[in-house]
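Everything numeric in this text was worked out from a predicted model, so none of it was measured. Start at 1 with the first residue, then count along the sequence.
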Amino acid sequence: MDDEVPLRAVVIGSGVGGAAAALLLSHAGIPTLLAEKERRLGGSAAAVERDGFRVDTGTHMLCRGEDGPLGDVLRRVGQGDAIAFRQSGEPAALCFAGAARGAQRGGRVALPADLRRLAASALDLARALELTPLEAARAARLLAHATAMRDMDLAACDDVTAEAYAARFLPRAAAAARLGGLLGLPLLLPGSEASAGEALLALRQLARSGRQSYPEGGAARVPDVFCRLARELGAAVRTGMAVRRVLVRDRRVRGVELEDGTTLSARIVVSTAGLASTVAELVGEPHFPEAYVARVRALRPQPRQVQVKIGLRRRLAAAGALAGLGGGAPALPFYCVAPTRFDPSLAPPGHELLCACAVSGASGGASPGAPPATVDELLRALAGAVPGLLSEAVFVDGSPGDERGPGAELAAGTAQTPGQVGRARPAVYTPVRGLYLAGRAAGGRGAGMELAASSAMECVDRILVDLGRDLGAPAPPALIDIAGDLLGRVAASTVSWVARPRGQGRGS
């Protein structure tokens with residue numbers, strides 16, 4: 001690094017990834033400025049007030065709370081209890097409309113908090129997915145196997161779609177498509193496009209956590225706390241500050257130029273603006289090797305999403321989170337979280353808030369060439385899962401193709417498809433020395449806010465290594481975790497043997 005440029009870091013964007021990166025850099029003793037172009041912090045994890053409701057601008061997956069990457073970030077800075085994570089008294093549920101051919105029957109399947117006990121709901125799940133008894137046994141085998149998979153087993157599935165993986169257990173195309181669609185939900189991708197390795201990782205993480213959580217105060221609480229702690233450690237956090245471009249000379253970061261023309265010297269820049277935008281707009285393609293630019297151009301971004309936010313006069317959802325397949329041909333995968341089931345203070349007394357989205361990409365996830373899902377399709381799917389929904393609505397805000405409403409921008413991300421996850425996922429460092437990436441565009445594994453936090457930790461670790469810092473040896477796993485993994489694998493092996501296809505015996 002050149003002595004002429006001070007050791008200063010500029011973080012672009014205040015979403016979960018940017019806020020976590022700013023906090024970790026500040027904790028490492030690096031002078032840090034976080035620049036957020038909007039007037040409020042949080043990016044896609046921000047919140048707005050509406051009719052007494054505190055509404056998340058994004059639709060966020062349930063997380064593992066203090067046991068996952070969000071808690072890891074806080075523990076790294078000695079603030080493990082800075083965010084309270086709440087669990088709902090009701091289990092999550094899968095909801096299904098009738099078959100595409102017009103059958104009226106549908107169903108709701110309650111999911112246990114510990115997904116390793118899913119066998120108790122296997123029969124109801126099989127009926128809802130319209131599986132034959134043999135297919136039900138094979139689906140149970142898939143789920144049991146997934147919850148006990150090792151990292152190397154998951155990596156072997158990175159370049160297979162969730163639907164193709166389901167087809168290994170369910171040869172009937174319709175059955176594989178429905179189960180694959182459910183597996184792809186955490187990645188907000190159709191089963192025909194989602195990486196099986198990444199989807200199965202999300203399932204394994206939830207299964208091993210034994211509980212699902214939501215931040216007290218809503219999703220916006222996460223970046224708000226990260227930014228507050230970063231300030232306490234000396235970071236400057238600025239809203240309404242847009243970065244026009246990253247200054248580079250001789251393939252090294254020199255600082256940033258703001259929209260008002262001000263230049264700030266820095267040796268480190270962390271961008272959460274997305275890989276394509278960072279390369280083409282913030283820095284400029286001529287500063288990168290041609291092969292790197294070609295790779296960035298070829299990457300598929302996370303598709304735009306259709307979301308709705310619904311305020312209800314009374315509680316109707318019957319679960320803290322709903323996921324499933326709506327009616328139609330093909331069926332529409334959707335996800336819905338009720339933040340008020342975790343924190344009732346997010347709405348007026350007795351009211352309920354729902355945040356929902358349709359899986360990105362093709363309608364129903366059956367074909368990449370199909371038209372995108374619409375707000376009306378999502379509302380129909382939700383109305384089927386939550387009877388009386390629209391008649392009890394205080395407001396219904398639909399955002400066709402946009403997480404944050406009219407005029408806002410989506411969180412930048414790289415779709416977790418085959419060829420873009422695991423070892424093939426874009427790295428958090430770049431060929432431009434001092435330029436790094438965090439958030440859902442590069443690095444990390446998992447889904448949603450947890451992916452962004454995981455990426456931020458990976459990013460800051462890389463920065464510290466590049467600066468010659470000693471990260472220290474990782475702590476050994478606790479004996480209870482090792483024992484739990486072993487028991488899980490034994491249980492999965494037992495289910496796999498019981499549910500093996502007919503004719504498959506010892507040595508086959």
Side-chain angles (χ1 to χ4, degrees), residues 14-16 38-63 65 70 83-90 92-93 95 188 212-225 227 239 305-323 334-358 375-376 378-383 385-411 448-449:
S14 67
V16 171
E38 302 294 340
R39 292 295 177 182
R40 63 174 182 247
L41 296 171
S44 63
V48 296
E49 302 291 334
R50 167 80 189 267
D51 296 324
F53 292 77
R54 182 169 172 79
V55 185
D56 292 338
T57 54
T59 299
H60 303 285
M61 295 286 169
L62 296 185
C63 65
L70 301 176
I83 299 175
F85 293 93
R86 292 189 175 185
Q87 288 81 45
S88 170
E90 307 95 347
C95 302
L188 297 179
Q212 290 80 54
S213 307
Y214 208 75
E216 182 181 275
R221 178 74 174 156
V222 175
D224 283 350
V225 169
C227 288
T239 57
Q305 299 171 13
V306 171
Q307 304 201 39
V308 294
K309 311 297 164 58
I310 304 174
L312 298 174
R313 295 183 181 87
R314 60 189 179 93
R315 294 171 56 144
L316 294 176
L322 304 173
F334 69 91
Y335 174 78
C336 175
V337 64
T340 43
R341 290 302 173 100
F342 300 86
D343 184 356
S345 70
L346 297 173
H351 289 57
E352 186 159 74
L353 172 64
L354 301 181
C355 301
C357 66
V375 170
D376 286 344
L378 176 54
L379 286 174
R380 283 196 294 271
L382 289 174
V386 185
L389 175 79
L390 298 180
S391 62
E392 294 291 338
V394 177
F395 63 83
V396 177
D397 287 342
S399 54
D402 204 321
E403 283 188 344
R404 301 178 59 195
E409 293 185 5
L410 287 165
M449 292 189 293

**Request:** Check for a donor-acceptor pair, side chain of Asp343 on one end and backbone N or O of Glu216 on the other, with a separation under 3.5 Å.
**Result:** no

**Asked** With a 4.5 Å limit on heavy-atom distance, are the side chains of Leu354 and Leu322 in contact?
**Response** no

**Request:** Starting at CZ of Arg40, measure out to OG1 of Thr239 and round the result to the nearest 0.5 Å.
**Result:** 11.5 Å

**Asked** Is the closest side-chain heavy-atom distance between Val394 and Arg50 below 4.5 Å?
**Response** no

**Request:** Answer yes or no: is there a side-chain heavy-atom contact under 4.5 Å between His60 and Val337?
**Result:** no

**pair Arg315-Thr340: side-chain heavy atoms closer than 4.5 Å** = no

**Fill in**
Taking every heavy atom of Pro223 against every heavy atom of Ala220, the minimum-distance pair comes out as CD-O, 3.3 Å

**Message:** Using side-chain heavy atoms (C-beta onward) and a distance below 4.5 Å, is Pro344 in contact with Arg86?
**Reply:** yes

**Heavy-atom closest contact (Val308 atom, Val375 atom, distance)** = CG1-CG1, 3.7 Å

**Request:** For the pair Val396 and Leu389, evaluate side-chain contact (heavy atoms from CB on, under 4.5 Å) and give the outcome as yes or no after the intermediate values.
**Result:** CA-CA 10 Å; Val396 177; Leu389 175 79; over 6 Å; no

**Asked** Counting distance only, does the side-chain N/O of Ser213 pair as donor-acceptor with the main-chain N or O of Gln87 below 3.5 Å?
**Response** no

**Prompt:** Considering all heavy atoms of both residues, which atom of Gly217 and which atom of Arg54 are nearest to each other, and what is their separation?
**Reply:** O-NE, 3.3 Å

**Item:** Distance (rounded to the nearest 0.5 Å) between Leu312 CG and Phe395 CZ
**Value:** 8.5 Å

**Complete:** Nearest heavy-atom approach of Cys355 to Thr59 is O-CG2, 3.4 Å

**Message:** Restricting to non-hydrogen atoms, name the atom on Ala347 and the atom on Glu352 that form the minimum distance, rounded to 0.1 Å.
**Reply:** CB-N, 4.4 Å

**Asked** To the nearest 0.5 Å, how far apart are CG in Leu353 and CZ in Phe342?
**Response** 12.0 Å

**Fill in**
Between Ala319 and Ala338 the two heavy atoms that sit nearest each other are O-CB, 3.9 Å

**Prompt:** Rounded to the nearest 0.5 Å, how far does OG of Ser391 lie from CZ of Arg313?
**Reply:** 8.0 Å

**Message:** Does any part of the side chain of Tyr335, heavy atoms only, come nearer than 4.5 Å to the side chain of Leu62, both counted from C-beta?
**Reply:** yes

**Asked** Out of Leu379, Leu316, Val386, Asp397, which one pairs with Ile310 under the side chain to side chain contact (heavy atoms under 4.5 Å, CB included) rule?
**Response** Leu379

**Prompt:** Does any non-hydrogen side-chain atom of Arg341 lie less than 4.5 Å from one of Tyr214?
**Reply:** no

**Message:** Looking at Gly58, is its backbone amide N or carbonyl O close enough to the side chain of Asp56 to form a donor-acceptor pair, meaning the two atoms are under 3.5 Å apart?
**Reply:** no

